[in-house]
Amino acid sequence: MSDFFKKQALLFGIIAGAIIGAGAGIFFPDFSIKMKILGDLFLNALKMMVIPIIVVSMISGITNLQGTKRLGKLGLRTLVYYLSTTGIAVAIGMMMVLSIKPGLGFPLSGAEIPEKISTETSYSVVDMIESLIHPNLFQAAAEMKILPIIIASILFGLALNAIGEKGETAISFFASLNDAVMKLVRWIMFFAPIGIFALIAYRFGITGGGNAVVNLIRSLGKYFITVVSALTIHSVIILAMILLFFGKRNPINYFFTVGKALLTAFATASSSATLPITMECVSEEGGVSKKTSGFVLPLGATINMDGTAMYEAVAAIFIAQSYGIELAGAKLLIVFFTATIAGIGAAGIPEAGLVTMVLVLQSVGLPVEGIGMILAIDWLLDRCRTTVNVWGDAVGACVIDYYESRNEE
């Protein structure tokens with residue numbers, strides 16, 4: 001038992017930081033707002049590692065695969081898993097919102113729409129395809145556009161494999177660099193309890209303290225319950241069962257293994273910023289091979305958004321119910337498919353789902369102004385859905401690695 005507590009000391013420290021941070025934000029909002037600088041330092045340190053860890057882990061993973069055939073199988077399995085779990089998540093969300101009907105009788109809100117949402121016209125499959133290639137990788141890195149970085153890293157890894165012995169020095173260099181990057185992530189993790197305390201304290205503090213949070217949840221209670229219930233069903237039942245039956249892992253043990261990443265996801269509301277910690281938890285502590293985690297997790301942080309896709313479907317139907325607009329048959333199918341696409345297209349940054357939600361609303365003729373009704377509670381639900389996104393990535397890496405290891409035997 002003592003060994004267990006030693007191994008999980010950092011996790012318990014992060015849990016304590018999150019609880020104390022929430023308490024500080026609720027009861028001492030003015031003090032908590034001043035903690036922002038500590039949270040920003042921790043968040044910036046994580047963001048600093050995102051691009052390096054994607055580049056070196058992807059290249060190392062690809063060069064370890066030794067050939068495009070194995071890469072093709074790994075990529076196919078990854079895409080099948082991501083699309084399947086995202087579709088299941090959207091279906092669960094739609095069933096929950098259609099059953100609970102949180103929008104019926106909800107007073108229409110005239111909340112102001114943020115400019116980044118009101119100026120958004122649409123997001124299509126064509127836009128997503130065009131985003132795969134960026135003419136300036138440095139600019140893409142600066143703007144945290146992850147997909148073109150992933151594509152470039154895959155191509156570079158394939159090129160190193162293709163040139164044979166001439167590429168061995170570079171392959172060895174990236175393998176060593178990958179180990180160094182993971183060591184840096186472990187150093188950053190020592191400050192995680194303080195950083196997460198500050199991030200959560202600040203977020204609760206600027207909301208206005210305990211009464212404001214309670215009033216917020218009360219005003220959107222049915223909507224809040226609908227979203228959280230759907231997210232819980234997907235993560236605790238669906239993803240856990242997938243992990244148990246397809247990944248042959250104990251879901252409870254694995255949950256504790258990636259607990260640091262999940263709490264960081266809740267604190268930062270960013271799957272991209274959480275990626276370095278997810279990589280560390282899954283590959284270093286979870287026993288998933290680096291070649292699998294190095295490919296699956298960066299891709300997942302970009303396109304696997306179970307929680308976000310579910311949230312967008314729930315929000316769209318909630319808005320329709322609030323306006324008294326009935327969605328049935330073909331329109332529900334359109335919501336299903338567009339929410340799935342929008343979830344894939346959403347960036348792994350805070351509240352990115354609100355921007356791509358425009359696509360879902362416009363696809364069935366719903367007013368974009370309806371987003372104003374959910375803005376007040378979105379900051380909290382954003383953290384919940386990001387946590388589910390990261391849990392889905394971690395489960396996916398474990399499941400895919402299981403099948404990869406079976407093929408090698």
Side-chain angles (χ1 to χ4, degrees), residues 3-18 42-43 45-50 52-54 56-58 60-61 78 81 178-193 195-196 199 235-236 239-240 242-244 247-302 304 306-307 348 383 386-402 404-405:
D3 290 338
F4 172 79
F5 282 108
K6 286 180 181 179
K7 290 180 180 179
Q8 301 297 339
L10 184 57
L11 174 60
F12 292 131
I14 292 174
I15 293 173
F42 176 65
L43 189 56
L46 290 177
K47 289 180 178 179
M48 174 185 71
M49 300 306 301
V50 172
I53 204 169
I54 287 175
V56 299
S57 64
M58 290 293 289
S60 296
T78 303
Y81 169 83
N178 191 35
D179 291 337
V181 167
M182 295 310 299
K183 175 65 74 173
L184 277 172
V185 172
R186 284 193 286 273
W187 288 349
I188 292 172
M189 281 301 298
F190 286 121
F191 299 95
I196 287 175
L199 286 169
S235 56
V236 175
L239 291 178
I242 289 174
L243 179 62
L244 179 64
K248 307 302 180 183
R249 291 286 193 98
N250 184 314
I252 297 175
N253 292 341
Y254 193 64
F255 176 83
F256 278 102
T257 299
V258 299
K260 296 188 288 290
L262 299 180
L263 286 168
T264 304
F266 184 84
T268 61
S270 171
S271 52
S272 293
T274 308
L275 178 61
I277 298 177
T278 310
M279 294 280 292
E280 200 269 340
C281 290
V282 170
S283 60
E284 302 296 326
E285 299 178 26
V288 174
S289 68
K290 290 184 179 180
K291 65 183 177 184
T292 301
S293 62
F295 179 87
V296 174
L297 292 177
L299 196 60
T302 309
N304 185 43
D306 292 359
R383 282 156 169 72
T386 301
T387 305
V388 174
N389 291 342
V390 173
W391 174 237
D393 294 344
V395 170
C398 192
V399 170
I400 293 165
D401 187 59
Y402 173 76
E404 284 292 306
S405 62

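- To the nearest 0.5 angstrom, E284 atom CD is 12.5 Å from M189 atom CE.
- A donor-acceptor pair is defined here as one N or O able to donate and one able to accept, closer than 3.5 Å; such a pair exists between the side chain of N389 and the backbone of D306.
- Side-chain contact between F42 and I188 is present, with heavy atoms from C-beta onward closer than 4.5 Å.
- Residues T274 and T268 bring a donor and an acceptor atom of their side chains to less than 3.5 Å of each other.
- Looking only at side-chain heavy atoms (C-beta outward), K290 and D179 come within less than 4.5 Å of each other.
- Closest heavy-atom contact between P298 and I54: CB-CG1, 4.1 Å.
- Each of N304, T78, D393 was checked for a side-chain contact (heavy atoms from CB on, under 4.5 Å) with L299, and the lone residue meeting it is T78.
- Here the CD1 atom belonging to I400 is positioned 10.5 Å from the OG atom belonging to S289, to the nearest 0.5 angstrom.
- Proximity of a side-chain donor or acceptor of Y254 to a complementary backbone N or O of R249 within less than 3.5 Å is not detected.
- Under the 30°/60° scheme for interplanar angles, the aromatic rings of F255 and W391 are found to stand perpendicular.
- The shortest heavy-atom contact between S271 and A301 is OG-O, 3.5 Å.
- Between D401 and G287 the shortest heavy-atom distance is OD2-O, 4.3 Å.
- Here the shortest heavy-atom pairing between L11 and K260 reads CD1-N, 3.6 Å.
- By the 4.5 Å heavy-atom criterion applied to side chains, L275 and L297 are counted as neighbours.
- Separating the CD1 atom in I277 from the CE atom in M49 is a distance of 11.0 Å, to the nearest 0.5 Å.
- Between T386 and A265, the shortest heavy-atom distance links the atoms CG2-O, 3.8 Å.
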**Request:** Go through the steps to decide whether Y402 and V399 satisfy the test side-chain contact (heavy atoms from CB on, under 4.5 Å), and finish with yes or no.
**Result:** CA-CA 5 Å; Y402 173 76; V399 170; 5.8 Å; no
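- Rounding to the nearest 0.5 angstrom, the gap separating the CG atom in L199 from the CZ atom in R383 is 7.5 Å.
- Proximity of K291 to E404: side-chain heavy atoms (C-beta onward) are nowhere separated by under 4.5 Å.
- Counting only distance, with no hydrogens or angles, the side chain of S60 and the backbone of S57 share no donor-acceptor pair below 3.5 Å.
- Once rounded to the nearest 0.5 Å, the distance linking CD1 of I15 with CG of L10 reads 10.0 Å.
- T278 is not listed as a side-chain neighbour of V258, based on a closest heavy-atom distance of 4.5 Å or more.
- Residues M279 and S293 share a closest heavy-atom pair of SD-O, 3.6 Å.
- L239 contributes atom CG, which lies 12.0 Å from atom SG of C398 (distance to the nearest 0.5 angstrom).
- Side-chain atoms of V50 and P276, non-hydrogen and from C-beta on, do get closer than 4.5 Å to each other.
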